[in-house]
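So the structure is just underneath, and the comments pick up after that.
Values below: all heavy atoms of this structure, side chains included; hydrogens, waters and symmetry mates excluded. A, B, ... follow the sequence lines: proteins, then strands. Residue 1 opens every chain.
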2 protein chains.
Amino acid sequence: MRADARRNYDRLLAEADVAFREHGTDTSLEAVARRAGVAVGTLYGHFPNRRALVSALLRERNEALFAFGERLLAGVDAGRALREWISAVVDHATTYRGLAALLADGIDDAASELHASCARMADIGDRVLAAAREAGVVRREVTGTDVLAVMNAVAWTREHASTEQADRLLAFTVDGMVTRRLPGRVSAT
Amino acid sequence: MRADARRNYDRLLAEADVAFREHGTDTSLEAVARRAGVAVGTLYGHFPNRRALVSALLRERNEALFAFGERLLAGVDAGRALREWISAVVDHATTYRGLAALLADGIDDAASELHASCARMADIGDRVLAAAREAGVVRREVTGTDVLAVMNAVAWTREHASTEQADRLLAFTVDGMVTRRLPGRVSAT
DNA sequence: ACCTGAACACCGTTCAAGT
DNA sequence: ACCTGAACACCGTTCAAGT
């Protein structure tokens, strides 16, 4: 990669991060290019579409998330691992407004640049869930896609209501998935 | 209202319904006007913005929903009433793709054309919830906004995953909100 | 090998001019 | 009282022409 290309690539990523943080993933790509001091064509040269840009921005963050998941799997408390995994993914899906929708759609669309990381997330989720099931802490009918569905729904609720409200929703749902329940109190997440 | 104005108004509503059903609430208003055989300015004359158009389309549907809610309140089984109310609102919020987001945002935005109907929905929800609480079938910490949050989250999940998946999510969440639980089975909704 | 920027097709919204 | 359609400002995406 040529030195100037590298510089443009980095600038585009940096400005995209700022814009996504501020206006969500639906922000204008033209504006991103403008703020990066680059022609639109340059942006499209590096990132064929919006998802590719999002995907590139999430790269390191994804690695950290997956590593965290593996660490949870190596731990002992399967019930706690499930809760913490869900929380971690929700946090991740909340990085930019609009990201929850991209991720939810990415899992079903093999052509999406986000598909690989979605699949990886699903895989870790399956294993965390399997461990929790084996430990007898989740109901047997809970599936991996159930877990994905809660995570996305809760992330979306953070965008459209509040973090607090989303966490309450999460608490009730996890409680409905869990085998035992503390009497009279929503279980902590 | 002049006769031609009335005709344009009706045509716009009809075409908007078709377009919203097909492409969601984010569809092009220019295209709606075009298909209605009317200039864009005419559309804006009748409906100052997208929400006003959605709101007008939902009018009768809203009335039916509210009437159903009142009927539920007059019934006897408070637990069943809560479940049915949630289901009914989820169905309603699923009329057009993108509607769940509009409704979720509408409750907090007093200036939104959808705010009044959102408030009405919230009010009925509060009363249904109060009855369920009095009957001892829901946990005491469940709030009216918790109920709103589930409904919106589940409606959104219908858009981005599937009706089946959304209904599973709903079942788990309601189960987490409910006082008693059938052993080993997700309760029906 | 990469960048530029004009080109095309589309959109939301407003408003002077018409009837 | 209502409608028209041009006008303005914006956007996504492509691609011939440059370096």
- Message: Counting runs of three or more consecutive pairs, Watson-Crick or G-U wobble, with each distance below 3.5 Å, where are the stems of DNA chain C?
- Response: C:4-8 with D:12-16, C:12-16 with D:4-8
- Select one nucleotide: of dT13(C), dC3(D), dT4(C), the one nearest the side-chain heavy atoms of A39(A). dT4(C)
- Name the nucleic acid region contacted by D4(B), choosing base, sugar-phosphate or nothing; use a 4.0 angstrom heavy-atom cut-off, strictly under.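 Sugar-phosphate, backbone atoms only, no base.
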- So what does G41(A) hit on the nucleic acid, given a heavy-atom distance under 4.0 Å: a base, only sugar-phosphate, or nothing?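 Contact class for G41(A): base.
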- Message: On DNA chain D, does the nearest nucleotide to G37(B) precede the nearest nucleotide to T27(A) from the 5' side, or the other way round? Give the residue.
- Response: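 Result: G37(B).
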- Item | Residue met sooner reading DNA chain D from 5', once T42(B) and E30(B) are mapped to nucleotides |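 In this pair, the answer is T42(B).
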- Mind checking whether V147(A) and D126(A) have side chains closer than 4.5 Å, heavy atoms only? no
- Are R168(A) and T143(B) close enough that some pair of their side-chain heavy atoms sits under 4.5 Å apart? yes
- Item | D26(B)/R97(B) ion pair, N-O < 4.0 Å | no
- Task: Assess the side chains of D105(B) and H160(A): does a donor N or O sit below 3.5 Å from an acceptor N or O?
- Result: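 Present: a donor and an acceptor within the cut-off.
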- Query: Contacts to DNA chain C from residues 6-18 of chain B, heavy-atom cutoff under 4.0 Å, which residues?
  - Reply: none
- Message: Tell me every residue that passes side-chain contact (heavy atoms from CB on, under 4.5 Å) with A39(A), counting only those two or more places apart in sequence or in another chain.
- Response: T42(A)
- Message: Side-chain N or O of H46(A) versus OP1/OP2 of dC3(C): is the shortest distance under 4.0 Å?
- Response: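 Yes, such a contact exists.
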